[in-house]
Amino acid sequence: MSTSIATTKFRIIDSIIIGIGFIMILLLSKLQLFDPFYSAKANTTTLNQNTVYPSRGLFYDRNGKLLVINYPTYDIYAVLNNISPQMDTAKFCKLLNITPDKFLENLKKDWTSGKFSKSIPFVFAKNVDSRTFLQFQENMFQFPGFTAALRSIREYPIASGANFLGYTSEVTQRDIDRSDGEYKPGDYIGVAGVEKKYEESIKGEKGVHFVLKDNLGREVGPFENGKLDKNATAGADLALSIDIDLQKYGEKLLEHKVGSIVAIEPSTGEILCLVTSPTFDPNLLSINPDRGRAFAYLLRDSLKPLFDRSSAAKYPPGSIFKPVMALIALQEGILTENTAHACHGGYFYKSVKVGCHIHPAPYNVPTALQHSCNAYFIETFRDFIDKDGFNKPGGRMDLLVKYLQAFGLGKPLYSDVSGESPGFIPTSDFFTRRYKTDQWRSTYIMSLGIGQGEFQLTTLQMANLACIMANRGSYITPHLLRGTIDNSSKEIIPQSYERIKVPVDQKYFNPVIEGMELAVKSGTATLAFNDKLSICGKTGTSENPHGEDHSVFFAFAPKYNPKIAIAVYVENAGWGGAVAAPIASLMIEKYVTDSIARPSLEKYIIEKNLVNPRPKIAKQPVDTSLQIPLE
């Protein structure tokens, strides 16, 4: 009896469970098979993965002035398979201010190339301004298949420094292939200057937002309440060493001239200015509709404004090489401070004459530098090369090369200046190949002693030589980056740089610096003299067989505890003391005192127009009213 009762109870429970299960099946069937709400919801909701682009890091000068900013803009993306054939194309074009032909052109892609897919978003329109986009955004739900992404493009509130700042551009296929998936079509990348050099630091990190949209393109909401979303991380802001006011002043002084100015703080190696002329407004190469036209114009300009003459152009240094030659000769015992050499209007060897202007007898190193005596330094150079014998110049030439490399010549300085050239310093093997014999002599190459011949330096290297003089035998690698800026504290996280010593005893710098000081006070560079600044400098006149000689000057100031080292190179400007020296002096005065006490000299330089080619003229003072001395 009890067994049958228990069996009955189990049957009742089983029946209840089966009944409940049947009811649930009926309800689910009604929802999924007969009620269209949920099926329609699934069919009309799509999951979009939207890339969130970071802001590139900003650039500040050494005084906190903003050099580069980000300007908001929008890119419109399209997925071809999602575009409705019934969409109102006319309205779409009107909202974006494009023609129907442009609409079709932007949709036309090479689908067989593998670069594009009809089911993957591609860039339809770039750099849509905010006002246009707001009108489009209100109606975007009418255009399924189209989405938008906020981007930022570069703008330059101060129109200076275009060559060292660089610019950004859309990535190439090569950039994409080499990025291991980091860059996608339509991304921007730094392609020149600081923008390129510090791309890794300033580009930031992309984010991603997963968004649900209905069939009209309207956002339904974030996917899973944004649990999978990742915000973009902005790039690091950079504190540069540039003094933008000094940069602007240098660009003003070099207007209507071809050349460059580089100034460095000797104690730190921080580059204060990198002026190249002619230059251009950096906003011309920001991402804008007229960029292609501007770039083509700059490329066609015969004066090559895109070419950075401050770090990439290679020039014969001329007589600014003489202080370097003096230091090496003093170190090697070829000279003493009081060594004298005769000068009778030049250096004579057989039928060869290297002229020299009339000046007092060069009875010691300072006097020889003061008056830039060619005879003195050719004799010094030959004594150095011939020390092991007139028939054995090769070993001594290579010793000279070793010294010069220690001074940062003949190789890159490994600065962070984009496109830096190593210049050129010839070796003994070079001359053996040139003369097709190893029996060449010091007389073949004696012009090297005065910075002519095969020597080629960049203006950046010349300014670094001035730093070595200012520091009495050492330099810190020249650089543009002071450090990155901490986003929270806004303090600069400094970058560290190596100090490099040259193999010349510090005591030998004293007579050389004395000679450089005398050159400015009463020698070849009197237009650079400023009684409040104790400028020490050296002029150079670099011979140019194709026209007017080049004007060269390097200097530092003050003599003790120097604040600035500078090199100026002006092509086809004549004597070093006529143009390069006063430009350097004005730059030094502007930086050290933040004023100009000699407006007539400033006016003389600003009004000097050297752009138009001129025939080679006789070597004489450019303007006798200014009492410019011959070198």
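These numbers come from the heavy atoms of this one structure, side chains and all, not from hydrogens, waters or symmetry mates.
Checked against ring pair (Phe, Tyr, Trp, His ring centres under 6.0 Å), Y497 has the following partners two or more places apart in sequence or in another chain: H479.
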- Residues E571, R309; criterion side-chain contact (heavy atoms from CB on, under 4.5 Å); working and verdict: CA-CA 10 Å; E571 298 179 20; R309 289 174 168 84; 3.3 Å; yes
- Assess whether side-chain contact (heavy atoms from CB on, under 4.5 Å) is satisfied between F407 and V504, documenting all intermediate values. CA-CA 10 Å; F407 276 79; V504 175; 4.0 Å; yes
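A salt bridge links D245 with K65: the distance from a Lys NZ or Arg NE/NH1/NH2 to an Asp or Glu carboxylate oxygen falls below 4.0 Å. The pair E265-R482 does not count as a salt bridge, with every side-chain nitrogen at least 4.0 angstrom from each carboxylate oxygen.
At most 12 heavy atoms of other shown residues, nucleotides or ligands fall within 6.0 angstrom of atom NZ in K197. Atom CD1 of I358 sits in a sparse spot, with 12 or fewer heavy atoms from other residues, nucleotides or ligands closer than 6.0 Å. The number of heavy atoms from other shown groups lying within 6.0 Å of NZ (K387) is above 12. Heavy atoms from other residues, nucleotides or ligands lying under 6.0 Å from CG of N561 number 12 at most.
Considering only heavy atoms from C-beta on, V512 stays 4.5 Å or farther from F509 through its side chain. Within the 4.5 Å cutoff, the side chain of L610 has no heavy atoms near those of the V258 side chain.
The side chain to side chain contact (heavy atoms under 4.5 Å, CB included) with S428 is formed by just one residue from the set L399, D398, L400; it is D398.
Judged purely by atom type and a 3.5 angstrom limit, N572 uses its side chain to pair as donor or acceptor with the backbone of E548.
Taking the six-membered ring for Trp and the full ring otherwise, the centers of F381 and Y347 sit at least 6.0 Å from each other.
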Which atom pairs, donor and acceptor, lie under 3.5 Å between side-chain atoms of residues 444-454 and protein residues at least two apart or in another chain?
| from | atom 1 | to | atom 2 | distance (Å) |
| --- | --- | --- | --- | --- |
| Q452 | OE1 | E543 | N | 3.2 |
| E454 | OE2 | R434 | NH1 | 2.3 |

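Once rounded to the nearest 0.5 Å, the distance linking CG of D61 with CD1 of I242 reads 8.5 Å.
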